[in-house]
Each structure stands twice: as C-alpha cells, then as structure tokens.
Amino acid sequence: MSSNEIETYVHQLINPATRENALLELSKKRENFPELAPYLWYSFGTIAALLQEIVSIYPLLSPPALTAHASNRVCNALALLQCVASHPETRGLFLQAHVPLFLYPFLNTVSKTRPFEYLRLTSLGVIGALVKERMPQAGHRVCGAMAEIALLHGGRTTLGVDDTDVINFLLSTEIIPLCLRTMEMGSELSKTVATFIVQKILLDDVGLNYICATAERFFAVGAVLGNMVVMLAEQPSPRLLKHIIRCYLRLSDNPRAREALRQCLPELLRNPGFTACLKSDDTTRRWLAQLLVNVGFPEAAAQLSNEMLQPTPLQGQ
C-alpha cells in the first residue's frame, strides 16, 4: 500500500460515512506500513475519531448488548490504537494523553460471549503494546488471535526511563485489578495476555515493590495465580503456565513475598505429573526450578534441572 493510499484512508476516518471501511482497510494492511502510527497521531481529527468509535460502544456494555458487527468495528479501531501505542515516536504521546483509560470499561465487562471476549482480548493487546516494543499489532478479526499470541513472544523490550514511566502510569490506574479479573474469568488466550501484562509490571522494580508493598496486594495477585494453577490441572496450557511461573519467580525476589510463598505456593508446581507439559521448554523448567529453590524446595527443583541452583539474591541485596 502506497503512502498516498494510507493518507486517503486516514483522512476517511474523520468522515462517519467512510469511517467503517477505512477502519477495516487500515487494520488489515497496517503491518505493511510501519509508519502508520505517526500518520494516525498527527492527522487532524483522527485520534478523536478512533476515540469516538470506542465511546460509542459504552452503552452496549451494560446490560450486555454488543453484537459481532459492533465488536469487529471497534476492534479495528483498537488495532489502530495499538499501532500508536507500540510505535517509538507515538508511544510516549499516547501515554501522556491517557488514552488507555478509554479501554478500561471494556476490561471491566464480564460477559463471556464471543463479541465481548474479542473486545477484551484486543483491548489487552493495546495495553500490552505499552509494555513491550516492536511486536506484531493486534486487531483484525481473522488474524487478531494470532497477533495476540505473537505479542507474548519475541520483540525487544524497551529498557530505561520509558519503561518505568509506563509502569508508573499503569499502576496509577486500575490495571492490576482489571488484569486479575481477566485472569480469573477470561478465555485461555485473554488470561495469557493479562498474565503477561502483570508479568511485565512485576519485572520492573517499581511494579514489584508496588505489588509487595501490602499483604492485601500480594495475596490478591497470589490468590489469582494459585487459582489459575488449579484450573490448569483440568485444562493444561503450557503457554499460560509459563507466564504464571515467571510471575511467581519474580515475586520470590521480594523478601516478604519469598517468605509468604513458602506457605502459599501451589503444591501442583512441585508435582512432576503436572509440570510434565513443560518437558520441551527448558527455559520455563529452569525458571520453575529456580523458584522452587528460592522458596525452599530443592528436592523438587532437582527433578526439573540438573544444575546446582542457589537461591537468587533478594531484591535490595
């Protein structure tokens, strides 16, 4: 697609009569035009039009009345916002404008119908784009799910002040409880993306300190992670289990959390039958072995790794 075609579609977004087709075409072809995000951000009225698409769906959230067509349309708008959230030139501007807050009502829904699940999944993809750089974009109906899976793997993490700014912003909002809600009641894929976001927050020192600052926050996260482990005993998902284990391992870097995990870490994580699904994932097996060593179960860890692992240093030491 040429830059002239992109400009034409972007200009069509501000006209309600041509907006729906423009949303569809841009969301389908966005990966072929890496500089789409600046076009969207700096074009007159474009971001306002995308936000108008989002706000127009609010009345359909409660009582739940979202149709497949309405869901597809707003998810095409969300796919374009994810372009803006993930592009290095517009990521900071997107954050400063507090655009993610417009998505939170979608994450607060509880309906498990396909239109709502797709809406939550694509909204999570936008938040995920803020905590990870250079990943495939989420969105279009046909490839949206695969794009969300790709969000969880690959891509270079942005290091430095930018990441901490993102984490500070997210922690100033209700993103943790919204992610925990999805981790409890979403589809397997939505749970995976929500857990990935929590994992990325935890991997930043600011995020780890925030979640471990009070027993209430720690046990809220720990309870949801524990319930997910139990759920995976009936419906195994190595991909989801990988992110759960990484969350636990990071929590074990905090002194108080490590002590608490000695008592509340799910016993299933020490069960070779349960963790057999990780047999081909050496990285996750090592993470789990390190976690078990950290919280005082070296015998169980020895069944997962031949390395002589020692407890990792606690945060601040």
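These numbers come from the heavy atoms of this one structure, side chains and all, not from hydrogens, waters or symmetry mates.
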>> As a test of understanding, state which of Thr192, Ile197, Val198, Leu178 forms a side-chain contact (heavy atoms from CB on, under 4.5 Å) with Met183.
In response: Val198
> Taking all atoms of both residues into account, what is the closest heavy-atom pair of Glu53 and Ala77, and its distance?
Replying inline: CB-CB, 4.0 Å
>> Looking at every non-hydrogen atom in both residues, tell me the closest pair between Lys200 and Val131 and how far apart they are.
In response: CE-O, 3.2 Å
> Do we see a donor-acceptor contact under 3.5 Å between the side chains of Ser111 and Thr113?
Replying inline: yes
> Would Leu40 and Ile14 show up in the same hydrophobic cluster when neighbours are defined by side-chain heavy atoms closer than 4.5 Å?
Replying inline: no
> Under 6.0 Å between ring centres, would you say that holds for Phe44 and His11?
Replying inline: no
> Just how far is it from atom CG of Leu180 to atom NZ of Lys191, taken to the nearest 0.5 Å?
Replying inline: 12.5 Å
> Mind checking whether Leu78 and Ser123 have side chains closer than 4.5 Å, heavy atoms only?
Replying inline: yes
>> Donor-acceptor pair, distance only, cut-off 3.5 Å: does the side chain of Ser71 make one with the backbone of Ala68?
In response: no
> Can you tell me if CZ on Phe274 sees more than 12 non-hydrogen neighbours from other groups inside 6.0 Å?
Replying inline: yes
> Can any side-chain N or O of Ser237 pair as donor or acceptor with the backbone N or O of Leu240 at less than 3.5 Å?
Replying inline: yes
> Could you give the distance from NZ (Lys279) to OG1 (Thr284), rounded to the nearest 0.5 Å?
Replying inline: 15.0 Å
> Would Val126 and Val55 show up in the same hydrophobic cluster when neighbours are defined by side-chain heavy atoms closer than 4.5 Å?
Replying inline: yes
> Would Glu259 and Arg262 satisfy salt bridge (Lys or Arg N to Asp or Glu O under 4.0 Å), going step by step from the backbone distance to the final call?
Replying inline: CA-CA 5 Å; Glu259 192 60 36; Arg262 298 182 194 277; 3.3 Å; yes
>> If you apply the rule side chain to side chain contact (heavy atoms under 4.5 Å, CB included), what do you find for Leu251 with Ile211, and how did you get there?
In response: CA-CA 9 Å; Leu251 285 170; Ile211 288 176; 4.2 Å; yes
> Can you check salt bridge (Lys or Arg N to Asp or Glu O under 4.0 Å) on Arg120 and Glu117, steps first, answer last?
Replying inline: CA-CA 5 Å; Arg120 283 191 295 269; Glu117 179 56 33; 3.0 Å; yes
>> Quick one: does any side-chain atom of Ser43 pair with a main-chain N or O of Thr46 as donor and acceptor, under 3.5 Å?
In response: no
>> I'd like to know whether Tyr118 forms a side chain to side chain contact (heavy atoms under 4.5 Å, CB included) with Asn72, so could you lay out the CA-CA distance, the side-chain angles of the two residues, the decisive distance to 0.1 Å, and finally the verdict.
In response: CA-CA 8 Å; Tyr118 184 50; Asn72 287 345; 3.7 Å; yes
> Would you say Glu188 has more than 12 foreign heavy atoms packed within less than 6.0 Å of its CD?
Replying inline: yes
>> Measuring only between side-chain heavy atoms, which start at C-beta, is Leu80 closer than 4.5 Å to Val84?
In response: no
>> Side chains of His87 and Gln82: any donor to acceptor distance under 3.5 Å?
In response: no
> Is a side-chain donor or acceptor of Ser62 paired with a backbone partner of Pro64 at a separation under 3.5 angstrom?
Replying inline: no
> Are the charged groups of Asp281 and Arg286 less than 4.0 angstrom apart, N to O?
Replying inline: no
>> Taking Leu81 as the starting point, is it possible to reach Leu101 by hopping between hydrophobic residues whose side chains are less than 4.5 Å apart?
In response: yes
> Looking at OH of Tyr9 and CG of Leu36, how far apart are the two atoms once the value is rounded to the nearest 0.5 Å?
Replying inline: 12.5 Å
>> Pair Leu291, Trp287 - check side chain to side chain contact (heavy atoms under 4.5 Å, CB included), show working.
In response: CA-CA 6 Å; Leu291 168 64; Trp287 285 347; over 6 Å; no
> Cation over ring, Arg217 on Tyr210, under 6.0 Å and within 45°?
Replying inline: yes
> Is there a path from Met231 to Ile244 through hydrophobic residues (I, L, V, M, F, W, Y) whose side chains come within less than 4.5 Å of each other?
Replying inline: yes
> Atom CG in Asp204, atom CG in Leu170: separation rounded to 0.5 Å?
Replying inline: 10.5 Å
> Within a strict 4.5 Å, meaning less than it, do heavy atoms of the Tyr58 and Phe106 side chains meet?
Replying inline: yes
> Would Thr67 and Arg73 satisfy side chain to side chain donor-acceptor pair (under 3.5 Å), going step by step from the backbone distance to the final call?
Replying inline: CA-CA 10 Å; Thr67 64; Arg73 176 166 172 162; over 6 Å; no
>> By the definition side-chain contact (heavy atoms from CB on, under 4.5 Å), identify the one residue from Thr109, Leu124, Leu121, Val224 that meets it with Thr182.
In response: Leu124
> Side chains of Arg91 and Ser86: is there a donor and an acceptor less than 3.5 Å apart?
Replying inline: no
>> Does Leu288 form a side chain to side chain contact (heavy atoms under 4.5 Å, CB included) with Leu292? I'd like the steps, not just the answer.
In response: CA-CA 6 Å; Leu288 178 55; Leu292 294 175; 4.2 Å; yes
> With distance as the sole criterion, is a donor-acceptor pair present between the side chains of Thr195 and Arg239 under 3.5 Å?
Replying inline: no
> In terms of side-chain heavy atoms, does Asn108 have a donor or acceptor partner in Glu174 at a distance below 3.5 Å?
Replying inline: no
> So, for Phe218 and Ala257, which heavy atoms are closest and what is the spacing to 0.1 Å?
Replying inline: CE1-CB, 3.6 Å
> How far apart are the closest heavy atoms of Phe169 and Pro100, and which atoms are they?
Replying inline: CE2-CG, 3.8 Å
> How many angstroms lie between atom CG of Asp282 and atom CG of Leu304, to the nearest 0.5 angstrom?
Replying inline: 11.0 Å
> Say you draw a straight line from CD of Gln199 to CG of Leu203; how long is it, rounded to the nearest 0.5 Å?
Replying inline: 5.5 Å
>> For the backbone of Leu119 and the side chain of Thr122, can you confirm whether one donor and one acceptor N or O come within less than 3.5 Å of each other?
In response: no
> Are the side chain of Thr8 and the backbone N or O of Asn4 linked by a donor-acceptor pair below 3.5 Å?
Replying inline: yes
>> If you apply the rule salt bridge (Lys or Arg N to Asp or Glu O under 4.0 Å), what do you find for Glu5 with Lys29, and how did you get there?
In response: CA-CA 11 Å; Glu5 289 177 290; Lys29 299 170 182 175; 5.7 Å; no
> Which atom pair, heavy atoms only, marks the closest approach of Arg181 to Leu107?
Replying inline: CD-O, 3.7 Å
> Nearest heavy-atom pair of Leu130 and Ala85: which atoms, and what distance?
Replying inline: CD2-O, 4.0 Å
> Any side-chain heavy atom of Ile175 sitting closer than 4.5 Å to one from Ile201?
Replying inline: yes
> Looking just at side-chain N and O atoms, do Arg19 and Gln52 make a donor-acceptor pair shorter than 3.5 Å?
Replying inline: yes
> Any link between Leu309 and Leu278 through a network of hydrophobic side chains (Ile, Leu, Val, Met, Phe, Trp, Tyr) touching at under 4.5 Å?
Replying inline: no
> Does the side chain of Tyr104 reach to within under 4.5 Å of the side chain of Ile127, using non-hydrogen atoms?
Replying inline: yes
> Would you say the side chain of Leu268 lies within less than 4.5 Å of the side chain of Leu232, judging by non-hydrogen atoms?
Replying inline: no
> Do Asn294 and Gln290 have side-chain atoms, one donor and one acceptor, less than 3.5 Å apart?
Replying inline: yes
> Any side-chain heavy atom of Lys28 sitting closer than 4.5 Å to one from Glu25?
Replying inline: yes
> Any side-chain heavy atom of Ser3 sitting closer than 4.5 Å to one from Phe33?
Replying inline: yes
